[in-house]
Novice: 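Mind having a look at this structure? Questions to follow.
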There are 2 protein chains.
Amino acid sequence: MDLDQIYAGLGDETRRRVLHVLAPGPLCVCHFQAVLRVPQARLSKHLAYLRARGLVTAERRGNWMIYALPAAPSRELAANLACLQECARAQPRFQRDLARLRRLAPTLAAPRPCGPARPAAR
Amino acid sequence: MDLDQIYAGLGDETRRRVLHVLAPGPLCVCHFQAVLRVPQARLSKHLAYLRARGLVTAERRGNWMIYALPAAPSRELAANLACLQECARAQPRFQRDLARLRRLAPTLAAPRPCGPARPAAR
DNA sequence: AATCTATATGCCCAGATCGGCATATAGATC
DNA sequence: GATCTATATGCCGATCTGGGCATATAGATT
């Protein structure tokens with residue numbers, strides 16, 4: 001994989017946060033919104049950016065777009081993602097993201113992953 | 001150290017080549033010119049860029065400027081430099097740089113490090 | 001088909017970046 | 001002090017970037 005793409009992808013903090021928080025498993029945009037607390041348009045754009053460069057894969061499930069790290073990343077990408085994870089350990093912001101992600105964990109597997117799980121019928 | 005600085009520094013190929021080729025030891029600008037085959041102005045600018053962000057240190061020795069990796073890099077920087085080294089192993093361009101660097105190695109310790117060692121008095 | 005929800009895109013602006021070319025500077029040497 | 005060598009810097013143009021705001025689209029639901 002092209003180092004240019006990788007380092008370009010890592011060149012923005014929002015994108016680094018996305019990649020970091022994606023390590024434990026796939027997420028959809030509304031999760032990113034909840035975890036990173038970043039406006040939706042911005043997220044979509046950065047996700048498109050990452051996707052265009054192969055740092056992330058996307059799959060549509062019904063109304064939701066599920067983003068994930070590539071199943072078989074190149075050596076280079078894998079190395080850099082690992083490096084990012086290590087660096088993140090010392091960064092408060094990344095840790096906060098992670099905390100919010102964990103708090104969200106239970107809903108992740110739900111068939112209706114997003115939104116405040118509006119209880120059944122209104 | 002600020003991740004922004006690090007990843008910004010790594011965001012350009014010329015700079016990555018500089019950092020890569022600096023791993024074995026300090027170099028001065030004319031070495032970079034010989035090894036990377038890049039116009040001098042461009043090199044100076046990228047070196048200034050790296051220096052301003054603390055990815056590289058510089059020391060004047062007579063007429064020459066000696067650039068080196070920081071003596072005590074932060075965890076983050078160290079991790080990323082290591083990662084870069086690993087990535088470089090698969091990149092032909094980086095390998096060519098390294099080859100030229102090795103061919104240059106004998107002159108590195110000379111008191112007159114640069115230029116084609118114009119033999120003593122002309 | 002109207003509507004709702006989740007996500008993507010277009011437009012615009014401000015600022016950063018990179019490269020080339022020419023030129024300036026610092027220090028050594030004559 | 002004139003000159004040479006090694007390096008740095010200024011200016012310019014082209015390109016990219018990131019953000020906000022508004023709006024478009026895709027699919028689900030009624």
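Since the structure is predicted, the reported quantities are computational estimates derived from the model, not experimental observations. Sequence lines set the chain letters: A, B, ... in the order given, protein chains first and strands last, and positions in each chain run from 1.
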Novice: Using the rule given for side-chain contact (heavy atoms from CB on, under 4.5 Å), can you reason through A:Tyr49 versus A:Asp12, listing the C-alpha separation, both sets of side-chain angles and the distance that settles it, and then say yes or no?
Specialist: CA-CA 11 Å; A:Tyr49 186 109; A:Asp12 174 89; over 6 Å; no
Novice: Whole-Å distance between C:dA6 P and A:Leu47 CG?
Specialist: 16 Å
Novice: Checking the side chain of B:Gln95 only, and the main-chain atoms of B:Ala90 only, is there a donor and an acceptor separated by less than 3.5 Å?
Specialist: no
Novice: Looking at CD of B:Gln91 and CZ of B:Arg17, how far apart are the two atoms once the value is rounded to the nearest 0.5 Å?
Specialist: 11.5 Å
Novice: Report, one pair per line, the protein and nucleotides 20-23 of chain C atoms (nitrogen or oxygen only) whose separation is under 3.5 Å.
Specialist:
from: C:dG20; atom 1: OP1; to: B:Arg42; atom 2: NH1; distance (Å): 3.4
from: C:dG20; atom 1: OP2; to: B:Arg42; atom 2: NH1; distance (Å): 3.2
from: C:dG20; atom 1: O6; to: B:Lys45; atom 2: NZ; distance (Å): 2.1

Novice: Give the cluster check for B:Leu98 versus B:Leu27: same hydrophobic cluster or not, with ILVMFWY residues linked at side-chain heavy-atom distances below 4.5 Å.
Specialist: yes
Novice: Tell me, which pairs form a salt bridge (Lys or Arg N to Asp or Glu O under 4.0 Å) where one or both residues lie in residues 58-87 of chain A, sequence neighbours left out?
Specialist: A:Arg75-B:Glu86, A:Glu86-B:Arg75
Novice: Let me know the distance between OH of A:Tyr7 and C1' of C:dC18, rounded to the nearest Å.
Specialist: 19 Å
Novice: What parts of residues 12-22 of chain B reach DNA chain C, counting only heavy atoms under 4.0 Å away?
Specialist: B:Asp12, B:Thr14, B:Arg15
Novice: What's the shortest heavy-atom distance between A:Leu36 and A:Asp97, and which atoms?
Specialist: CD2-OD2, 3.4 Å
Novice: Give the rounded distance in Å between these two atoms: CG of B:Leu43 and P of D:dT7.
Specialist: 10 Å
Novice: According to a strict under-4.0 Å criterion, is A:Tyr67 in side-chain N/O contact with OP1 or OP2 of C:dA8?
Specialist: yes
Novice: Can you sort out the partners of A:Phe94 under ring pair (Phe, Tyr, Trp, His ring centres under 6.0 Å), two or more places apart, ordered by chain and number?
Specialist: A:His20
Novice: A:Arg16 side chain to A:Leu10 main-chain N or O, any donor-acceptor pair under 3.5 Å?
Specialist: yes
Novice: Please give me the minimum heavy-atom distance between B:Leu55 and B:Pro70, naming the atom from each residue.
Specialist: O-CD, 3.3 Å
Novice: Does B:Arg42 have any side-chain contact (heavy atoms from CB on, under 4.5 Å) partners at least two apart in sequence or in another chain, and if so, which?
Specialist: B:Thr14, B:Val38, B:Pro39, B:His46
Novice: Is there a path of hydrophobic side-chain contacts, each under 4.5 Å between heavy atoms, that joins B:Leu69 and B:Leu77?
Specialist: yes
Novice: Kindly point out which of C:dA8, C:dG19, D:dT17 is positioned nearest to the side chain of B:His46?
Specialist: C:dG19
Novice: Kindly state which residues belonging to residues 50-63 of chain A come within less than 4.0 angstrom of DNA chain C, counting heavy atoms of the residue only, listed by number.
Specialist: A:Asn63
